[in-house]
Enquirer: 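Sharing a structure, written as structure tokens. Questions coming.
This one's a predicted model, so the numbers in the text were calculated from it and none came from an experiment. These values consider heavy atoms only, across backbone and side chains, with no hydrogens, waters or symmetry-generated copies.
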Amino acid sequence: MRVIVKNLGLAAYIKLHGGQIVGSTAHTVTFESDTTGQEWRTAYANSDFSRFNSELINLQKLKKGE
């Protein structure tokens with residue numbers, strides 16, 4: 001099935017876990033996967049990857065304020 005993702009952190013997570021990219025735009029990445037989008041989002045939310053991405057975004061915001 002096709003899974004369309006807007007969140008770059010989630011897209012990286014899917015790619016790291018074997019998702020195959022079949023297309024992309026400026027705002028989305030499309031994967032071919034046996035796992036549903038909801039299953040990917042749940043797995044990502046429960047992973048350390050999600051926490052890492054959140055901390056990375058916070059650091060980028062801090063850096064912009066320099």
Side-chain angles (χ1 to χ4, degrees):
M1 76 186 69
R2 298 277 166 120
V3 176
I4 300 171
V5 177
K6 292 181 181 179
N7 179 309
L8 191 57
L10 175 58
Y13 179 81
I14 294 171
K15 180 74 173 116
L16 282 169
H17 287 85
Q20 299 297 310
I21 296 173
V22 294
S24 66
T25 68
H27 302 287
T28 65
V29 180
T30 303
F31 293 92
E32 186 66 36
S33 172
D34 293 334
T35 305
T36 68
Q38 184 60 45
E39 290 170 328
W40 279 120
R41 286 188 293 278
T42 300
Y44 175 68
N46 289 318
S47 73
D48 286 335
F49 291 96
S50 177
R51 233 176 79 221
F52 172 82
N53 191 51
S54 178
E55 293 300 332
L56 185 62
I57 290 168
N58 287 336
L59 289 170
Q60 288 174 329
K61 288 177 184 177
L62 282 174
K63 192 169 170 141
K64 285 182 183 179
E66 289 181 344

Enquirer: Under 3.5 Å, which donor-acceptor pairs link side chains of residues 20-29 to any protein atom two or more places apart or in another chain?
Expert:
{"residue": "Gln20", "atom": "NE2", "partner": "Gly18", "partner atom": "O", "Å": "3.3"}
{"residue": "Thr25", "atom": "OG1", "partner": "His27", "partner atom": "N", "Å": "3.1"}
{"residue": "Thr25", "atom": "OG1", "partner": "Thr28", "partner atom": "N", "Å": "3.0"}
{"residue": "Thr25", "atom": "OG1", "partner": "Thr28", "partner atom": "OG1", "Å": "2.9"}

Enquirer: When you look at CG of Asn58, are more than 12 heavy atoms from neighbouring residues, nucleotides or ligands closer to it than 6.0 Å?
Expert: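 Yes - once you tally the heavy atoms of other residues, nucleotides and ligands closer than 6.0 Å, there are more than 12.
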Enquirer: Counting N and O atoms only, with roles assigned by atom type, does the side chain of Glu39 sit under 3.5 Å from a partner on the main chain of Thr36, one being a donor and the other an acceptor?
Expert: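 Flag set: sc Glu39 to bb Thr36 pair under 3.5 Å.
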Enquirer: Is Leu8 atom CG crowded by more than 12 heavy atoms from other residues, nucleotides or ligands, each under 6.0 Å away?
Expert: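 It does not: Leu8 CG has 12 such atoms or fewer within range.
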Enquirer: Any idea which heavy atoms bring Thr35 and Val3 closest together, and the distance?
Expert: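 Scanning both residues completely, I find the closest heavy atoms to be O-CG2, 3.5 Å.
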Enquirer: Run the side chain to side chain donor-acceptor pair (under 3.5 Å) test against Gln38 and tell me which residues pass, sequence neighbours left out.
Expert: Arg41, Thr42
Enquirer: With sequence neighbours excluded, tell me which residues meet side chain to side chain donor-acceptor pair (under 3.5 Å) with Ser54.
Expert: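 Ser54 satisfies side chain to side chain donor-acceptor pair (under 3.5 Å) with no residue once adjacent residues are dropped.
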Enquirer: For Phe31, give me all partners under ring pair (Phe, Tyr, Trp, His ring centres under 6.0 Å), at least two apart in sequence or on another chain.
Expert: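 Scan of Phe31 (ring pair (Phe, Tyr, Trp, His ring centres under 6.0 Å), adjacent residues dropped) gives none.
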Enquirer: Heavy atoms, side chains only, cut-off 4.5 Å: are Tyr44 and Asn7 in contact?
Expert: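 Result yes, sub-4.5 Å side-chain heavy-atom pair found.
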Enquirer: At their closest point, which heavy atom of Arg2 faces which heavy atom of Thr30, and how far apart are they?
Expert: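 Heavy-atom minimum between the residues: CD-CG2, 3.9 Å.
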Enquirer: Only counting residues at least two apart or in another chain, list the ones meeting side chain to side chain donor-acceptor pair (under 3.5 Å) with Ser33.
Expert: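 Trp40.
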Enquirer: Is there a chain of hydrophobic side chains (I, L, V, M, F, W, Y, each step under 4.5 Å between heavy atoms) that links Leu59 to Ile57?
Expert: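 No, because Leu59 and Ile57 fall into different hydrophobic clusters, even though each may have its own neighbours under 4.5 Å.
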Enquirer: Check the hydrophobic clustering (I, L, V, M, F, W, Y; side-chain heavy atoms under 4.5 Å; chains of links allowed) and say if Leu16 and Leu56 are grouped together.
Expert: no
Enquirer: Among residues at least two apart in sequence or on other chains, which ones pass side chain to side chain donor-acceptor pair (under 3.5 Å) with Ser47?
Expert: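 Counting only residues at least two positions away or on another chain, Ser47 forms no side chain to side chain donor-acceptor pair (under 3.5 Å).
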